[in-house]
**Q** 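The following block contains the structure, expressed as structure tokens.
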Amino acid sequence: MRYSKYFVHTLYEAPKEAETPSHILLLRGSYISSAASGIYSLLPLGHRVAEKVKRIIREEMDGIGGIEVTLPVLNPAELWKQTGRYDDIGPELFRIKDRKDRELVLAMTHEEIITDIARQFLRSYRDMPVMLYQIQTKIRDEARPRAGLLRVREFFMKDAYSFHWDFDDLDAYYPRIFNAYLRIFARCGLQAVPIEADSGIMGGSGSHEFMLESPSGEDQFVVCPKCGYRANTEKAVGLKPATGDLPGDPPAMEKTPTPRVKSIADLMAFFGLPEERFLKTIAYEADGELVLAVIRGDFEVSDTKLTNHLKAIHLDMAPEALLAKKGLHAGFLSPVGLKGVRIVMDDSVSGKALYVAGGNEPDVHLKNVLPGRDFQVAEVLDIAEVRIGDVCGACREGALEIRRGVELGHTFKLGSKYTDAKAMDVTYLDARGEQRRVIMGCYGIGVERLAASVVERWNDDGGILWPITVAPFEVLLVAIGQKPEVAERAEAIYNRLARRFELIYDDRNESPGVKLKDADLLGIPIRVVVSQRLMKTNEVEVKVRKTGEVIICSQDEVEAVLEKLRTDLQPSLEGLPYMPEA
RNA sequence: CGGGGCGUAGCGCAGACUGGUUAGCGCACCUGCCUUGGGAGCAGGGGGUCGGAGGUUCAAAUCCUCUCGCCCCGACCA
């Protein structure tokens, strides 16, 4: 490929809307072009990178027996109504109508379509296990696109769906996906860390997010430096230090007037007690029903954990009106003496300590409240957000840390959420002729996000440092020197190398500085310079972009040198945290 | 959806507060000369409904009102 005939239009200065490294460099290198908020064109260079990433994904998915399909972006709304997601998902889902007024949605993911196909074709246990995948456009009306390609409204997603006889079959299959994911990211030059994730209303028995640790990431996850435990912040469990000991003869509960004292901060000042001596009672509206969550004052309720426990679709703070209907008052809530309201309590609250709680009437709090004696709650479990520094719930030693990262992929054991009788009702006949329910898993990777994450990880002051596996070209050939023989020699080398390498030849009539700066910016992993200086000795310079290593070799040796470099520059697949396969 | 910021040539910016001939500068782009190991030089040139609409005024990029778009933080995120 000749640079002068290709489509490269680098920018000296980055457009001011770009702030993260990948956004800046992809714009400056003319890899992408913005069409609207969260909507990008992949220019030729960006297109090539995306295609490289897709190729790696295909190889790995095919390698574990995946079968590629193409599913439609336009989906009939009926399917989404069958699974309930038409109503459960907010404005993120594009809903449109065709000319005949038929309702359609633009698919943000493809469980509905694929499950409909499973329903049509998977009849026998002989048809499973099977995994279908595609690499195709997803459309989501994101509330806030950001950071160039890291969060967008239209993108390529590799989405895979596996179908199984039962959970055991899914469990047996899952490590293959998990390990293929690790290989995909590693081959793209990224060390993705798998973390335990929340499976939310997706249900099922397991889920992992594959994170790239990065300051540009928008997701947070918890890490134990001691034992390596990693989990999504929403899911992580930390140990909760006990509240102090109970005196031998606990005093009785006592009403205390507390005019206009509502917040924990105010209460601490009023009673002169530390945070953990208070019970916070927070009112939620879960799918229309009032639910109270009780937690110790030094913890916060995790909406996700509570939502999961309640199996709720929508969880919001309860409006005053809903509280008023039960005669309750925000700021003075308490589980003491309440009847007819569902109460969930965090296990931070101990039956061996006295607390201050609300009085369930305005301007009154209760002192010396002893859980178990003064009130009973049936549902006690962990609904607390993990805190930085909490002791790791896995090894009971390390202090938990919080890191930022980009979610590169997500794997779910879906179970029967979509195949259930209440949803799309997908069954098959087993070997004994009995009708059984199909069990599913689903697995996604965002292609552009992965490419942009590679740039986040691999860049320097000069530009991008593409791993050779995803670089738009493997080799950049530059001619420096104006004498005709330099161009002739470069041409000859170009013609030779073009047969064996993905090669771009900078044949522009530009000054050396311009060509070399552009070479750095574009980030092609291997640069070959033919120059007047080196002509005398029939040599060329080979430079590795990532390491800066320079090899001066004779013109005849170039191919051998490049072949070796191409091999040496392959990312390593050693030492990945593979999940044991059965 | 809440908070903040920005819209002047492809990109980066000045001009605006204090309204006044043809709206400037750098880079990029075109032509010619010259130049080739880290974003050269000289000369000439093209490119603008100043985001849009309405208003105030003899006169609006500049003042007022509305509106649209873009970015950042937060909420949200199958």
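Labels below follow one simple rule: chain letters A, B, ... track the order of the sequence lines, proteins then strands, and each chain is numbered from 1. Computed from a predicted model, the values in this text were never measured in an experiment.
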**Q** Report the distance from atom NE2 of A:H110 to atom CG of A:L79, rounding to the nearest 0.5 Å.
**A**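 One finds 11.0 Å between NE2 of A:H110 and CG of A:L79.
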**Q** Examine B:C72: is either OP1 or OP2 under 4.0 Å from a nitrogen or oxygen in the side chain of A:R146? Give yes or no.
**A**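 The answer is no; no side-chain N or O of A:R146 sits under 4.0 Å from OP1 or OP2.
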**Q** Do A:R387 side-chain atoms and A:D298 backbone N/O form a donor-acceptor pair below 3.5 Å?
**A**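 Pair found, side chain donor or acceptor close to backbone of A:D298.
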**Q** Using atom P in both nucleotides, what's the gap between B:G26 and B:G45 to the nearest angstrom?
**A**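 Between the two P atoms, the distance is 14 Å.
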**Q** Do A:Y443 and A:H410 pass the ring-ring contact (aromatic ring centres under 6.0 Å, His included) test, and can you show the C-alpha distance, the side-chain angles, and the key distance before you say yes or no?
**A** CA-CA 6 Å; A:Y443 322 98; A:H410 202 155; over 10 Å; no
**Q** Quick one: look up who B:A60 pairs with, Watson-Crick or G-U, both distances under 3.5 Å, and put none if it's unpaired.
**A**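 Base partner found: none.
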**Q** Paired with B:G10 by Watson-Crick or G-U wobble geometry, both distances under 3.5 Å: which nucleotide is it?
**A**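 In the structure as shown, B:G10 has B:C27 as its Watson-Crick or wobble partner.
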**Q** Checking all strands, does A:A18 fall into the base, sugar-phosphate, or nothing category for heavy-atom contacts under 4.0 angstrom?
**A**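 Nothing, no heavy atom under 4.0 Å.
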**Q** Can you tell which of B:G74, B:A78, B:C13 lies closest to the side chain of A:K16?
**A**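 Shortest atom-to-atom distance from the side chain points to B:C13.
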**Q** Which part of the nucleic acid does A:P91 contact within heavy-atom distance under 4.0 Å: base, sugar-phosphate only, or nothing?
**A**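 No contact.
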**Q** Please work out whether the ring planes of A:F178 and A:Y174 are parallel, tilted or perpendicular, with thresholds of 30° and 60°.
**A**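 Judged by the thresholds at 30° and 60°, the geometry between A:F178 and A:Y174 is tilted.
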**Q** Distance-only, no hydrogens or angles: does the A:S207 side chain make a donor-acceptor pair with backbone N or O of A:F412 under 3.5 Å?
**A**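 Side chain of A:S207 to backbone of A:F412: no pair is present.
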**Q** Could you pick out which residue, A:D219 or A:P145, lies toward the 5' side of RNA chain B when each is mapped onto its nearest nucleotide?
**A**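 In this pair, the answer is A:P145.
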**Q** Between B:C50 and B:C63, how far is it from one C1' atom to the other, in whole Å?
**A**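 Nearest-Å result for B:C50 against B:C63 at atom C1': 16 Å.
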**Q** Scan A:A487 against the nucleic acid and name what it touches under 4.0 Å (heavy atoms): base, sugar-phosphate only, or nothing.
**A**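 Nothing: the residue A:A487, judged by heavy atoms under 4.0 Å, touches no strand.
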**Q** Rounded to the nearest angstrom, tell me the gap between atom CD in A:E92 and atom C1' in B:C1.
**A**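 Rounding to the nearest Å, CD of A:E92 and C1' of B:C1 are 14 Å apart.
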**Q** Could you tell me the Watson-Crick or G-U partner of B:G19, where both distances fall under 3.5 Å? Say none if there is no partner.
**A**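 Check on B:G19: unpaired, no WC or wobble geometry under 3.5 Å.
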**Q** Do we get A:K54 above A:F156's six-membered ring, with its NZ or CZ under 6.0 Å from the centre and within 45° of the axis?
**A**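 Yes, a cation-pi geometry holds between A:K54 and A:F156.
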**Q** Could you tell me if the ring centre of A:Y173 sits under 6.0 Å from that of A:F163?
**A**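 Centroid separation for A:Y173 and A:F163: 6.0 Å or greater.
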**Q** When the P atoms of B:A53 and B:U62 are considered, how many whole Å apart are they?
**A**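 Each nucleotide's P atom is 12 Å from the other's.
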**Q** Among B:C72, B:G26, B:A78, which is the nearest nucleotide to the side chain of A:E13?
**A**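 Nearest to the side chain of A:E13 among the choices is B:G26.
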**Q** What's the gap between B:A60 and B:U21 when it is taken at their C1' atoms, as a whole Å value?
**A**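 It works out to 15 Å between them.
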**Q** Using atom OH of A:Y161 as one end and atom P of B:A78 as the other, report the distance to the nearest whole Å.
**A**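 Roughly 14 Å, once rounded to whole Å.
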**Q** Counting primed atoms plus P, OP1 and OP2 as sugar-phosphate and everything else as base, spell out the protein contacts along nucleotides 28-43 of chain B at 4.0 Å heavy-atom distance: B, S or - for each nucleotide, 5' to 3'.
**A** -------BBBBBS---
**Q** Taking atom C1' of B:A78 as reference, at what distance in whole Å does atom CD1 of A:I89 sit?
**A**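 My rounded result for the distance is 5 Å.
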**Q** Just compare B:A78, B:C72, B:C70 and give me whichever is closest to any side-chain atom of A:S37.
**A**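 Looking only at side-chain atoms, A:S37 lies closest to B:C70.
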**Q** Now, which nucleotide makes the Watson-Crick or G-U wobble pair with B:G2, with each of the two distances under 3.5 Å?
**A**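 B:G2 is paired, partner B:C73.
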